Amino acid sequence: MNGDGNPVVLWGRESGMKANFVAVGNGTGFNMPVQVTYMSTPPAIDYWMGGDIAALGNEVWISYKATPEDVMPMYVRRSLDGGTTWGDTVRITNDPWTRFPSIAIGNAGEPVVQYMQFDDGFANARYVTTRMSGGMFQPAVDVSIPFAPGNVCDCCPSQVVATNDVVVPLYRNAGPNIRVIYGAASADGGASYSVGGLLDPTNWNLAGCPSTGPDGYIAGDSVRYVWMSGALNGSKVDARSAALSDFGTGGLVKVHPGQTAATVQNYPRIAGQGDTVGIVWEQDVAGELNILFSWSTTGLSGLSAPDTVNTSLMGSQRTPDIAYADGAFHVVWSDEATGVVNYRTATLNSTTSGLATVAMTRFSAWPNPASTMLHVELQDAEDAVLRLFDNAARCVLAVPGRSQQLDLGTIAPGSYLLRASDGQGRTIGQLPVQVLR
């Protein structure tokens with residue numbers, strides 16, 4: 001959520017040229033997406049992992065790992081206007097043997113990034129954090145080595161959360177094949193970690209890799225967190241809280257108890273403020289994947305019976321995320337069958353949750369910056385016209401069509417605005433475009 005109270009959504013495109021996109025809500029829908037990765041640094045994306053996003057007011061940051069993963073570094077980008085326009089990439093580290101950068105904004109609005117670090121050849125996986133200071137990322141600080149035995153789970157993404165000077169990295173450990181959740185806590189913005197240890201009592205023994213990790217948020221003097229464990233009764237979502245001072249933990253909460261072993265719960269995410277908490281997850285019953293949502297205003301002990309978030313019961317509804325602000329939860333997820341990113345809100349009252357839906361239109365252009373050719377894709381709009389405007393608001397190129405290559409060979413280098421209009425001449429999206437030679 002940005003400082004204007006609008007959702008800022010980050011997602012990745014797996015098929016074709018891999019890319020990350022951001023779209024900003026406007027109260028009735030979403031502005032046209034902006035591509036936030038370059039063709040020269042395609043991001044590492046799969047349905048279970050990808051980039052990360054964090055915001056403090058209208059300062060929004062994203063993080064991602066470029067591919068090939070054994071060659072390319074990790075990057076961040078920053079927006080100062082709530083996610084509409086983006087600055088250039090900043091390299092997190094020159095070390096290519098890294099993956100899974102998650103991001104949070106801590107002290108003074110500067111980001112903290114948690115990432116997996118390896119020896120050459122993806123050996124000896126461990127988690128570290130780095131914080132930005134003075135516009136530069138500082139040397140990495142160990143997170144897992146002081147507190148967890150063996151290696152971390154090398155295909156399980158992590159999540160770092162932060163509030164002011166408090167930073168809490170959460171991750172799944174692997175040694176020796178005990179796939180459980182650990183964490184650490186810093187009181188100095190991620191410069192050091194004096195507290196850390198086991199957060200998950202399930203003792204899940206698994207020789208393979210589950211490719212799923214924890215999520216959390218800071219509530220006063222505690223961190224609340226969720227994860228999937230397969231230790232008992234199949235894959236199920238658990239929740240718990242831990243004190244930041246010593247990682248003393250509360251009782252284990254089954255988020256959707258009473259399900260058979262054949263029901264698969266996975267990819268949980270949590271958000272909230274104080275004792276108001278919402279949890280979303282993917283639930284698979286006999287091959288039907290839906291997104292479920294449970295909420296409480298009295299902490300984890302008072303979680304409601306789940307609501308089904310998705311309105312379409314067709315296809316594969318997958319990998320949700322959730323944010324909370326101003327009395328409302330904001331939920332996003334993907335429909336794997338259609339390739340559509342979906343969004344709904346849940347506004348809580350004393351007895352129930354009301355769900356409203358908003359659609360996203362997809363508009364993208366790449367590479368950007370471009371030299372001679374620009375590929376444009378505009379979906380969910382009929383009879384579209386594409387126009388390119390210079391800084392003097394003069395139209396220098398106009399073509400009909402929604403998905404095509406634009407020839408920029410006669411366009412002078414500089415900054416332009418690509419605008420899409422529908423059949424009635426109404427603007428349905430616009431993107432800044434840079435032309436270079």
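Given the structure is predicted, the values throughout are model-derived calculations rather than measurements. Just so you know, residue 1 is the first one in the sequence shown, and it goes up from there.
In this structure, Arg91 is not positioned above the aromatic face of Phe137 in the sense of NZ or CZ being under 6.0 Å from the six-membered ring centre and within 45° of the axis. Seen from the ring of Trp366, Arg13 counts as a face-on cation partner, given the 6.0 Å and 45° thresholds.
Counting only heavy atoms from C-beta outward, the side chains of Pro320 and Phe293 never approach each other to under 4.5 Å. Proximity of Arg269 to Ile279: side-chain heavy atoms (C-beta onward) are nowhere separated by under 4.5 Å. Residues Leu292 and His256 form a side-chain contact, since some pair of their non-hydrogen atoms from C-beta on lies under 4.5 Å apart. Put simply, the side chain of Asn342 reaches to within 4.5 Å of the side chain of Gln317, judged on heavy atoms.
The residues Glu59 and Arg78 are annotated as salt-bridged, a charged nitrogen and a carboxylate oxygen being separated by less than 4.0 angstrom. Electrostatic pairing of Asp307 and Arg344 does not count as a salt bridge here, judged by no charged N lying under 4.0 Å from a carboxylate O. Asp238 and Lys254 are joined by a salt bridge, as a carboxylate oxygen and a charged side-chain nitrogen come within less than 4.0 angstrom of each other.
Here the two rings, on Tyr267 and Trp48, have centers that are 6.0 Å apart or farther. Ring-centre distance between Phe100 and Tyr115: not below the 6.0 Å cut-off.
Looking at residues two or more places apart in sequence or on another chain, you find a salt bridge (charged side-chain N to carboxylate O under 4.0 Å, His left out) between Asp275 and Arg224. Not counting sequence neighbours, the partners of Arg99 by the salt bridge (charged side-chain N to carboxylate O under 4.0 Å, His left out) test are Glu69.
Asn173 contributes a side-chain N or O that, together with a main-chain N or O of Pro149, makes up a donor-acceptor pair within less than 3.5 Å. Panel note: side chain Asp46, backbone Met49; no donor-acceptor pair is recorded below 3.5 Å.
The aromatic rings of Tyr225 and Trp227 sit parallel, their planes meeting at an angle under 30°, below the 60° perpendicular limit. Between Tyr324 and Phe329, the two ring planes are tilted [angle within 30° to 60°].
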- Task: Evaluate side-chain contact (heavy atoms from CB on, under 4.5 Å) for Met74 paired with Thr93, printing each intermediate quantity in order.
- Result: CA-CA 7 Å; Met74 302 175 299; Thr93 173; 3.6 Å; yes
- Item | Test side-chain contact (heavy atoms from CB on, under 4.5 Å) applied to Leu417 and Leu388, step by step | CA-CA 6 Å; Leu417 183 68; Leu388 194 67; over 6 Å; no
